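The structure presented is a predicted model; accordingly, all values stated were derived computationally and were not measured. One-based numbering, in listed order, for ligands and for the atoms of each.
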Amino acid sequence: MRKRQRLGQHFLISQTVAKKIAEAARITKKDVVLEIGTGRGILVPLLCEKAKKVISIEADSVLYQDAKKRFSGIANLALRNGDGFKTDEKFSIFVSNLPYSKSRKAMEWLIQKKFSGAIVMVQKEFYEKLVAKGKNRKAISVLVNYSSEIEKIINVKKTNFNPPPKVDSVVLQLKRKKTISKELVQTTNKLFSYKRKNLKNIFKQFGKKIESDKRLEELSSEEIINIAKQVLR
Ligand code: SAH
């Protein structure tokens, strides 16, 4: 029970949804696909069919061993056991039915990588946070929108999983525009802890000066990232 929660183990059971995910990823025989969270492997054969190579990482060693047995006949598949978010593997396409509790951390990790496209399944609430506008934006919304174009592919009802999670999911696609440094991620997060202060006071927190009484929430995502770059310098 605890492991299931910690690792966000809700396995997709719908072949229809699995096929839509694999198709939306637009994988070609030139692509190296990284999947985080092999699980019971519903996506694995579909990805391997289309890709040059698939690297699929699973934190749970029991699931990893099962997958190794089941998929031993697939030549372009590399299965790994461990924390996927610690990998240095290079990839062009990222696919993941993300553990919900780690959505934000996973996105922060992804936008620091040089991928071309990503298909991720997130909780509906997290998707809404990512595409929120104005005052409702969080640091993660600003960071992801700055780094990538976000497009919703499909809604996925919780009944498509075993065990079903408490909420529905959304499959979304990211097309990378820019890679973001770790420092920029950290600084943007810090800026948002001063969200209600005006720019003059925010700059003061970083030992810098600016004459502006605008608030962060009045700025566009690009402008907020530029502020983060300025206080970083
Ligand atoms: N892709 C599968 C599994 C989704 S459930 C499917 O669609 O059915 C999420 C999976 O991610 C679980 O198997 C869980 O054990 C695994 N997982 C959670 N955190 C992980 C991490 N940091 N690195 C690798 N796998 C992880």
Side-chain angles (χ1 to χ4, degrees), residues 1-25 27 31-51 53-71 74 76-91 93-113 115 117-127 140 152-174:
M1 187 63 199
R2 289 204 65 94
K3 180 169 84 177
R4 173 174 288 175
Q5 276 171 357
R6 181 167 49 84
L7 295 175
Q9 295 181 339
H10 300 282
F11 306 108
L12 185 63
I13 49 175
S14 160
Q15 281 296 331
T16 313
V17 174
K19 282 189 184 130
K20 278 188 187 154
I21 291 174
E23 267 159 37
I27 300 163
D31 286 306
V32 175
V33 176
L34 176 71
E35 181 188 28
I36 292 186
T38 314
R40 300 208 172 117
I42 189 167
L43 292 171
V44 168
L46 301 172
L47 302 174
C48 289
E49 229 169 70
K50 298 178 195 284
K53 183 181 176 186
V54 175
I55 303 158
S56 183
I57 309 178
E58 172 55 58
D60 183 334
S61 44
V62 176
L63 291 173
Y64 162 74
Q65 293 297 345
D66 284 353
K68 248 179 87 164
K69 272 184 227 142
R70 200 140 38 96
F71 299 124
I74 306 184
N76 63 341
L77 172 65
L79 293 168
R80 307 245 191 283
N81 184 200
D83 182 349
F85 300 111
K86 297 223 167 94
T87 185
D88 292 327
E89 301 275 7
K90 300 269 181 291
F91 56 92
I93 295 186
F94 180 70
V95 175
S96 188
N97 170 1
L98 293 173
Y100 292 148
S101 60
K102 302 200 186 85
S103 296
R104 186 174 64 83
K105 282 281 162 215
M107 287 293 175
E108 287 183 354
W109 171 87
L110 182 62
I111 61 179
Q112 294 174 45
K113 301 285 177 190
F115 64 99
I119 296 285
V120 292
M121 176 119 63
V122 297
Q123 210 172 303
K124 192 165 157 257
E125 281 71 13
F126 185 76
Y127 168 74
I140 194 64
K152 177 163 148 179
I153 304 293
I154 38 166
N155 294 317
V156 184
K157 288 248 172 287
K158 55 191 171 192
T159 49
N160 289 297
F161 298 90
N162 182 24
K166 291 203 179 75
V167 292
D168 293 340
S169 293
V170 168
V171 174
L172 58 90
Q173 179 168 48
L174 300 182

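Here the heavy atom of the protein found nearest to atom 22 (N) of ligand 1 is Asp83 OD1, 2.9 Å. In terms of protein heavy-atom proximity, atom 7 (O) of ligand 1 is closest to Asn97 ND2, 3.0 Å. Among protein heavy atoms, the minimum distance from atom 23 (N) of ligand 1 is reached at Gly84 N, 2.9 Å. Nearest protein neighbour of atom 8 (O) of ligand 1, counting heavy atoms only, is Leu12 N, 2.9 Å. The protein heavy-atom contact nearest to atom 19 (N) of ligand 1 is Pro99 CG, 3.4 Å. Annotation: atom 17 (N) of ligand 1 to nearest protein heavy atom, Leu7 O, 3.9 Å.
Within the 4.0 Å heavy-atom shell around ligand 1 one does not find Gly41. By the 4.0 Å heavy-atom criterion, Lys86 is excluded from the residues contacting ligand 1. Heavy atoms of Lys102 come nearer than 4.0 angstrom to ligand 1 in at least one pair. Not a single heavy atom of Arg40 sits less than 4.0 Å from an atom of ligand 1.
Using a 4.5 Å cut-off on side-chain heavy atoms (C-beta onward), Ser169 and Phe161 make contact. Within the 4.5 Å cutoff, the side chain of Leu79 has heavy atoms near those of the Ser56 side chain. Side-chain contact between Met121 and Ile21: present, with at least one pair of heavy atoms (C-beta onward) separated by less than 4.5 Å. Val156 has its side chain out of reach of Lys124: every pair of non-hydrogen atoms, C-beta onward, lies at least 4.5 Å apart. Leu34 has its side chain within reach of Ile57: a pair of non-hydrogen atoms, C-beta onward, lies under 4.5 Å apart. Side-chain contact between Leu47 and Ile27 is present, with at least one heavy-atom pair separated by less than 4.5 Å.
For Gly37, a nitrogen or oxygen atom sits less than 3.5 Å from a nitrogen or oxygen atom of ligand 1, counting backbone and side chain alike. Ligand 1 has no nitrogen or oxygen under 3.5 angstrom from a nitrogen or oxygen of Ile42. The shortest N or O to N or O distance between Glu58 and ligand 1 is under 3.5 Å. For the pair Phe11 and ligand 1, the shortest N or O to N or O distance does not fall below 3.5 Å.
For ligand 1, the atoms closer than 4.0 angstrom to any heavy atom of Leu63 are 13 (O). Those atoms of ligand 1 with a heavy atom of Gly82 less than 4.0 angstrom away are 23 (N), 24 (C). Of all the atoms in ligand 1, the ones that sit under 4.0 Å from a non-hydrogen atom of Glu35 are 1 (N). Listed by number with element, the atoms of ligand 1 under 4.0 Å from a non-hydrogen atom of Ile36 are 23 (N), 24 (C). Remark: ligand 1 atoms within the under-4.0 Å shell around heavy atoms of Gln9 are 12 (C), 14 (C), 15 (O).
A salt bridge does not link Glu23 with Lys20: none of the charged nitrogens is closer than 4.0 Å to a carboxylate oxygen.
Considering each of Ala67, Ala59, Ser61, the one bringing a non-hydrogen atom nearest atom 20 (C) of ligand 1 is Ala59. The closest heavy-atom contact to atom 5 (S) of ligand 1, among the options Ser96, Gly39, Gly8, comes from Gly8.
Here the straight-line distance linking atom CD of Gln173 with atom CD1 of Ile93 works out to 9.0 Å at 0.5 Å rounding. The distance from the NZ atom of Lys102 to the CE atom of Met107 is 14.5 Å, given to the nearest 0.5 Å.
Ring geometry for Phe91 against Trp109 counts as parallel: the plane angle stays under 30°, on a 0 to 90° scale with 60° as the upper cut.
Only side-chain heavy atoms of Phe85 come within less than 4.0 Å of ligand 1; its backbone N, CA, C and O stay farther off. The part of His10 lying near ligand 1 is the backbone, judged by heavy-atom distances below 4.0 Å. Contacts of Thr38 with ligand 1, taken as heavy-atom pairs under 4.0 Å, involve the backbone alone.
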- [ ] Test Lys105 against Phe85 for side chain to side chain contact (heavy atoms under 4.5 Å, CB included), laying out the working first.
- [x] CA-CA 9 Å; Lys105 282 281 162 215; Phe85 300 111; over 6 Å; no
- [ ] Could you go through the side chain to side chain contact (heavy atoms under 4.5 Å, CB included) check for Lys90 and Val32 one step at a time?
- [x] CA-CA 8 Å; Lys90 300 269 181 291; Val32 175; over 6 Å; no
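Listed for the Arg70 side chain is a donor-acceptor partner under 3.5 Å among the backbone atoms of Arg40.
Residues His10 and Pro164 approach most closely at ND1-C, 3.8 Å, considering heavy atoms.
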